[in-house]
Novice: 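Please see the structure below; I have some questions.
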Amino acid sequence: MPNATDPTHPAPASAPEPAADNGVDGRPETAEQARALQDRLRPLVVTTGPGPADVRRVAGLDVAYAEDSDRLAAAVVVLDPDTLQVLERSVVLGHARFPYVPGLFAFRELPSLVEALDGLSVPPDLLVCDGQGLAHPRRFGLACHLGVHTGIPSIGVGKTAFVGTYDTPPPHRGAASDLVLDGDVVGAVLRTQDNVKPVFVSVGHGLDLAAACRHVLALSPHFRLPETTRQADTACRAALAQATAAGLARDAVRSD
DNA sequence: GCGACAG
DNA sequence: ATCTTGTCGC
């Protein structure tokens, strides 16, 4: 098992000595275990097909972090894909479960996002995640992980590139270019607005790239980011702000 | 060997 | 991710 030369081995906050190779069957505790889990789940990803026949509930997912600690707020906001009106919101407070390591991002947010998803009255038909899907070193970004974990079709929408090379797409809304990694098209660089920086769309699970782009465009009639992402971002930030304010107020009373 | 590196 | 108000421009 030669793997003692990994420079990015993060040794999570409270990493106990891995006397045995546990963790792969639960929450991984080391970067090595996390990567092994990704490699094990990767074959379960479905990257073809049009996706759900009729999407009635589209969910946007996002997480906001407190500046200091590892406290966080994870939000899932469900929208009607036709009217883009909010149907339901679910937000949970929690803490980061893993240090931020490029490529292992999902292990940080997934537990809290799943908790938020469990708080919904009705499971959504499609997930729009803040981050990459197949556009990942091991083709298993957050969107893939959430899709496989929940069984719900998912799409990854990143604000910046993570992996791959691409040509700048034409400046008009709807224009796209391939995001290529090792000869594979792992995503699309998509313009959601005229003359606005493109977003990075990749398949998460349960549909193909064309379908993913179609959904992202439909969800972004006025702004660069899909309305799902915008709503989720607003929701988790608000929750974190209120939690912080409540915490400060409580501390103030204590010191009185 | 030296950077780069989703959020 | 987070630090961060007003401001220039369409």
Side-chain angles (χ1 to χ4, degrees), chain A residues 5-10 12-13 31 34-35 38 42 45 60-76 91-114 116 127-147 154-166 171-173 179-182 186-190 193-205 209 212 216 222-226 228-241 243-245:
Chain A
T5 59
D6 188 339
T8 63
H9 200 299
R35 294 192 185 96
Q38 291 181 323
R42 168 65 186 86
V45 176
L61 300 82
D62 193 19
V63 171
Y65 294 88
E67 70 272 346
D68 187 329
S69 68
D70 61 352
R71 290 183 311 108
L72 60 76
V76 177
V91 185
V92 302
L93 296 176
H95 61 88
R97 312 304 175 83
F98 210 80
Y100 171 68
V101 180
L104 301 180
F105 178 55
F107 296 96
R108 213 172 149 65
E109 307 191 335
L110 189 129
S112 295
L113 287 172
V114 169
L127 308 179
V128 177
C129 310
D130 195 19
Q132 320 291 330
L134 293 179
H136 175 279
R138 284 172 297 286
R139 312 298 199 275
F140 198 72
L142 173 67
C144 299
H145 206 142
L146 271 167
S154 64
I155 300 170
V157 180
K159 294 181 286 294
T160 63
F162 179 30
V163 294
T165 58
Y166 60 92
H172 60 278
R173 169 180 156 83
L179 179 61
V180 179
L181 178 62
D182 298 325
V186 297
V189 183
L190 177 69
Q193 296 297 317
D194 291 349
N195 299 101
V196 168
K197 184 194 304 186
V199 295
F200 298 79
V201 179
S202 56
V203 168
H205 177 63
L209 184 56
V216 171
H222 304 311
F223 303 100
R224 179 191 178 221
L225 296 177
T228 36
T229 298
R230 290 166 47 78
Q231 288 290 343
D233 180 78
T234 297
C236 60
R237 289 196 191 206
L240 192 60
T244 300

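Letters A, B, ... are given to chains in the order of the sequence lines, protein chains preceding strands, and every chain is numbered from 1. Model, not experiment: these values are computed from the prediction.
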Novice: Nearest whole angstrom, please: distance from the P of B:dA6 to the CZ of A:Arg139.
Specialist: 17 Å
Novice: Could you tell me whether A:Leu142 contacts a base, only the sugar-phosphate backbone, or nothing, with contacts defined as non-hydrogen atoms closer than 4.0 Å?
Specialist: base
Novice: What residues, two or more places apart in sequence or in another chain, satisfy side-chain hydrogen bond (donor to acceptor under 3.5 Å, both in side chains) together with A:Gln193?
Specialist: none
Novice: Rounded to whole angstrom units, what separation is found between the CZ atom of A:Phe162 and the P atom of B:dG7?
Specialist: 10 Å
Novice: Does the side chain of A:Phe105 come within less than 4.5 Å of A:His145's, by heavy atoms?
Specialist: no
Novice: For A:Phe200 and B:dA6, are the ring centres under 5.5 Å apart with planes inclined under 30°?
Specialist: no
Novice: Can you list everything that forms a side-chain hydrogen bond (donor to acceptor under 3.5 Å, both in side chains) with A:Arg224? Sequence neighbours excluded, please.
Specialist: none
Novice: Atom pairs, N/O to N/O, protein against nucleotides 1-4 of chain C, distance under 3.5 Å?
Specialist:
residue, atom, partner, partner atom, Å
C:dA1, OP2, A:Lys159, NZ, 3.2

Novice: What residues, two or more places apart in sequence or in another chain, satisfy side-chain contact (heavy atoms from CB on, under 4.5 Å) together with A:Pro171?
Specialist: A:Asn195
Novice: List the residues meeting side-chain contact (heavy atoms from CB on, under 4.5 Å) with A:Thr228, not counting sequence neighbours, and say none if there are none.
Specialist: A:Val58, A:Leu79, A:Val128, A:Leu219, A:Pro226
Novice: Under the side-chain hydrogen bond (donor to acceptor under 3.5 Å, both in side chains) test, which residues partner A:Asp62, sequence neighbours left out?
Specialist: none
Novice: Base, sugar-phosphate, or nothing for A:Gly156, non-hydrogen atoms under 4.0 angstrom?
Specialist: nothing
Novice: Looking at residues at least two apart in the chain, or sitting in another chain, which of them share a side-chain contact (heavy atoms from CB on, under 4.5 Å) with A:Val63?
Specialist: A:Tyr65, A:Leu72, A:Ala74, A:Glu109, A:Leu113
Novice: Rounded off to whole Å, could you give me the CZ-to-P distance for the A:Phe107 and B:dG7 pair?
Specialist: 18 Å
Novice: List in chain and number order the residues that pass salt bridge (charged side-chain N to carboxylate O under 4.0 Å, His left out) with A:Arg138, two or more places apart in sequence or in another chain; answer none if no residue qualifies.
Specialist: none
Novice: The criterion is side-chain contact (heavy atoms from CB on, under 4.5 Å); which residues satisfy it with A:His172, sequence neighbours excluded?
Specialist: A:Pro170, A:Ala175, A:Asp194
Novice: Distance check needed: B:dA6 C1' versus A:Leu110 CG, whole Å only.
Specialist: 14 Å
Novice: Look at all strands and tell whether A:Gly158 reaches a base, only sugar-phosphate, or nothing, counting heavy atoms closer than 4.0 Å.
Specialist: sugar-phosphate
Novice: Check whether any side-chain N or O of A:Gln132 sits under 3.5 Å from a backbone N or O of A:Val163 as a donor-acceptor pair, and report yes or no.
Specialist: no
Novice: How many angstroms lie between atom OG1 of A:Thr165 and atom CG of A:Leu179, to the nearest 0.5 angstrom?
Specialist: 7.0 Å
Novice: Starting at the 5' end of DNA chain B, what dot-bracket string do you get if Watson-Crick and G-U pairs under 3.5 Å are bracketed, crossing pairs use [ ], other-strand pairs use | and unpaired bases use dots?
Specialist: .......
Novice: Separation of A:His95 atom NE2 from B:dG7 atom C1', in whole Å?
Specialist: 18 Å
Novice: Output all residues satisfying side-chain hydrogen bond (donor to acceptor under 3.5 Å, both in side chains) with A:Lys159, sequence neighbours left out; order by chain, then residue number.
Specialist: A:Asp130
Novice: Using atom OH of A:Tyr166 as one end and atom P of B:dA6 as the other, report the distance to the nearest whole Å.
Specialist: 12 Å
Novice: Return the value, rounded to whole Å, for the distance between atom CG of A:Leu134 and atom P of B:dA6.
Specialist: 17 Å
Novice: Name all stems that contain residues of DNA chain C, defined as runs of 3 or more consecutive Watson-Crick or G-U wobble pairs, both distances under 3.5 Å.
Specialist: none
Novice: Give the rounded distance in Å between these two atoms: NE2 of A:His136 and C1' of B:dG7.
Specialist: 12 Å
